[in-house]
Amino acid sequence: MAQIIKKDGTLEQYNRQKIIAAVSKSAERVMYKFKAGEFEAICSSVEYKIQENLLDKIPIPTMHLLVESTLEETEPRVAKSYRDYRNYKVDFVNMLDNVYRKAQSVMYIGDKENSNTDSKLVATRRSLIYNHLNSELYKKFFLSREEFQACREGYIYVHDMSSRRDTVNCCLFNMTEVLTGGFEMGNLWYNEPKILDTAFDVIGDVVLSTASQQYGGFTVPEIDKILEPYARKSYKKHKNELISLLKETKGELDSRDMETIEKTALKKLKREFKQDFQGLEYKLNSVGSSRGDYPFITITLGLGRKPFEKMAAITALEIHMGGQGKPGGKKPVLFPKIVFLYDESLHGPGCELEDVFNAGVECSMKTMYPDWLSLTGDSYVAEAYKKYGIVISPMGCRAFLSLWFERGGTKPADDDDKPVVVGRFNLGAIFLHLPMIYAKAQKESRDFYEVLDYYLEMIRKLHKKTIEYIGEMKASTNPVAYCEGGFYGGRLKPTDKIKSILAPCTISFGITALNELQELHNRKSLVEDGAFALEVMEYINKKINEFKEADNINYTVYGTPAESLCGLQTEQFRKIYGIIPKVSDRPYVSNSFHCHVTEDITPIEKQDFEKRFWNLFNGGKIQYVKYPVNYNREAVVTLIRWAMKMGFYEGINLSLAYCDDCGHQELDMDVCPKCGSSNLTKIDRMNGYLSYSRVHGDTHLNAAKMVEIAERKSM
């Protein structure tokens, strides 16, 4: 019987149980389960190699190689896990050193990678440190050597490494399904709300609890329609209370009494809506989630035609426009992000819901929100609305779902097959750095598309691995979503795995720096040319559609909202390929398909230039231009209606500034002209969402993004 020479030089008898224990642990780390017969086969193979090589006393490194080579023949993923784990001591020392240095930086310097996290708070600091540890574990145990190298050098970027092994990404939460009939949350039973006040309280609780169990955007779609039945109940309650009160003093009531009662009940309901929307804004902007940030909540509205639906939409806009804060110093909050669902036949001039549209315009002029989503222009979102009557609301700043049909999946089974939207979610994005890939092809004298294919396939494999891994999670990890109906198919038992409801999810290939790609190709911007960038995006869409067909996975193309990434990608490019004018000479790269922010073009021109790429980014996109200052209402309305005609998801971009000393506000000021103070709060459009670019003299944004904001002309 062979003996093993341990690291300390002592001898130990060969024991196949130690092999079984080691490979079992390695298999667990990649969610693989060996069958009993496979253990026997692995041990027998190792023992055969020992005999074949006439090994008597075997050094432990040699023993590891024998096991590893056997695992490569049996299950390569387990072989990699085994190989990675046996070097864990050295790797973990380095990894924990990185985590320690990051922790010290967070504690004493702060962190500005995400503008909606305040690293001054204890809970946020803890979350940031944990996230860094989780990112290191992801790189160590989830990525192959080639994938890790591609990430480190910058050819691809895995978004939210800290969360991707734990949970899902953006979602369109099915609030109606959860509320109807009651539900369980936190081991407590919640009855379905009976009045509007309670509905708002419960919705706020559900949002805070459930959004904490995922990452990315959390959308409550068509909230005006969700609230309507509870508003009706509250109105009926107010009306009955008034009738009872008046009958006690007057006896029989006449028609004039009933008219007064109805008007009074409506006033009470309007006041209830105002108080409740105000309370919701306070809750979502002051109560942090367990992740250490404020959940990225979006509500969509505007299509409701019933009286109480209209009241809900208009009141939400009025409350947001009024802002929150002390008298004389009110300013708009960041959450919830509001998206207006625009139907030309309902919101056009003289149409039924023009008053709701006007309320939206007034709100956008003062606060930038709502953003505007066209349901009647030229886009796949509009086509789905016109053909199927469904609304594909955005999930957070710009993510959208691809169509998924009840019976056919990615394609309708027949003419009667219906698409599902509400209750679905995303499983994250991995971004291509196209200028890096182009520069690599040039340097190595290779065809660009050959190199691009390599990274597309790499992302494809990572996505498949992610879906397989996440599918092993239990429904108890997010019970309101998976067990109480928040997600489509989400009526699982807590002990069930969630793999059964993952098929409708989308998973994205992200794109950054398309303008810089065009510059690298022929020294022209998207405004000057754009033909090559368009060719590349058509190619990527074609490849991803082939992947979707072959894998039956809902892949999609995502226009990346690079926040901290805009600076990181410049640093990565410079490290390998140096500083190239209009490619890497600025500290930031452009977002997705947008024209460069320094382009001196009109809003209409920017919309026209970016329209070429609109339907090539159906997994995530937004269009925005810098709107005229001085609150020019006519110009704002013209640009909104033009954007809606073109089929855009449109963001109004102003630069809002508020003096925290005297309360004065105006657009784009750095020093208060009224009192001379520089103690300002400034709100700018980060990418597809709003963030504080200054709070009491400091900023929540990273340095690269601040430079980009300072150089904006057309955005």
Side-chain angles (χ1 to χ4, degrees), residues 169-172 217 219 221-222 298 300 302-303 339-345 371-406 408-413 415 417-427 429 488 503-511 514 534 537-549 552-561 592-594 607-608 610-624 642-651 688:
N169 196 195
C170 309
C171 75
L172 293 183
T219 295
E222 299 196 77
T298 300
T300 68
L303 293 179
V339 176
F340 194 103
L341 305 172
Y342 181 91
D343 180 342
E344 177 69 23
S345 66
D371 289 339
W372 299 79
L373 179 63
S374 173
L375 300 177
T376 47
D378 175 25
S379 73
Y380 93 100
V381 172
E383 288 304 311
Y385 177 72
K386 288 181 277 191
K387 185 173 183 179
Y388 299 106
I390 61 166
V391 177
I392 306 174
S393 293
M395 302 179 292
C397 62
R398 64 176 68 198
F400 282 93
L401 292 164
S402 302
L403 286 180
W404 179 270
F405 293 85
E406 290 178 344
T410 56
K411 294 180 179 179
D415 291 341
D417 203 0
K418 302 296 183 186
V420 178
V421 177
V422 178
R424 289 175 52 211
F425 52 88
N426 199 312
L427 269 185
Y488 179 60
C505 78
T506 54
I507 194 161
S508 307
F509 292 71
I511 305 296
L514 204 57
L534 192 63
M537 288 315 306
E538 288 171 345
Y539 180 87
I540 290 173
N541 272 266
K542 180 175 179 293
K543 290 293 291 188
I544 289 171
N545 284 332
E546 290 172 3
F547 295 166
K548 181 187 291 190
E549 184 77 22
N552 196 31
I553 293 174
N554 218 350
Y555 300 121
T556 187
V557 180
Y558 182 68
T560 302
S592 59
F593 56 88
H594 302 311
Q607 289 174 332
D608 287 342
E610 295 183 354
K611 174 63 178 174
R612 296 172 292 175
F613 302 100
W614 189 248
N615 289 320
L616 297 172
F617 286 82
N618 286 339
K621 52 189 177 180
I622 189 170
Q623 201 282 333
Y624 33 63
W642 181 250
M644 295 301 93
K645 184 177 181 180
M646 297 181 81
F648 284 146
Y649 172 36
E650 177 79 359

Inset, instruction - Check whether the ring centres of Tyr624 and His594 lie less than 6.0 Å apart, and answer yes or no. - result: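 That pair passes the under 6.0 Å test.
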Inset, instruction - Kindly say whether the aromatic ring centers of Phe425 and Tyr488 come within a distance under 6.0 Å. - result: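 Centroid distance Phe425-Tyr488: not below 6.0 Å, so no.
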Legend entry - From Ile622 atom CD1 to Ser592 atom OG, the distance as rounded to the nearest 0.5 Å: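 OG of Ser592 is found 9.5 Å from CD1 of Ile622.
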Legend entry - Distance, nearest 0.5 Å, that separates CG of Leu373 from CG of Leu303: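 Those atoms lie 9.0 Å apart.
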Under the salt bridge (Lys or Arg N to Asp or Glu O under 4.0 Å) test, residues paired with [X] that sit two or more places apart:
X      : answer
Glu222 : Lys225
Lys542 : Glu546
Lys411 : Glu549
Lys611 : Asp378

Not counting sequence neighbours, which residues clear side-chain hydrogen bond (donor to acceptor under 3.5 Å, both in side chains) with [X]? List them please.
X      : result
Lys645 : none
Asp343 : Ser345, Tyr385
Ser374 : none
Glu406 : none

Ignoring hydrogens, what is the shortest heavy-atom contact between [X] and [Y]? Give both atom names and the distance.
X      : Y      : result
Leu514 : Ile511 : CD1-CG2, 4.3 Å
Thr556 : Ile544 : N-CG2, 4.2 Å
Met395 : Thr219 : CA-OG1, 3.3 Å

Mind checking what makes ring pair (Phe, Tyr, Trp, His ring centres under 6.0 Å) contact with [X], not counting sequence neighbours?
X      : result
Tyr558 : none
Phe547 : none
Tyr380 : none
Phe340 : His347, Trp372

Inset, instruction - Would you check if there is a donor-acceptor pair between the side chains of Thr506 and Arg424 at a distance under 3.5 Å? - result: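 Distance-only check fails for Arg424 and Thr506.
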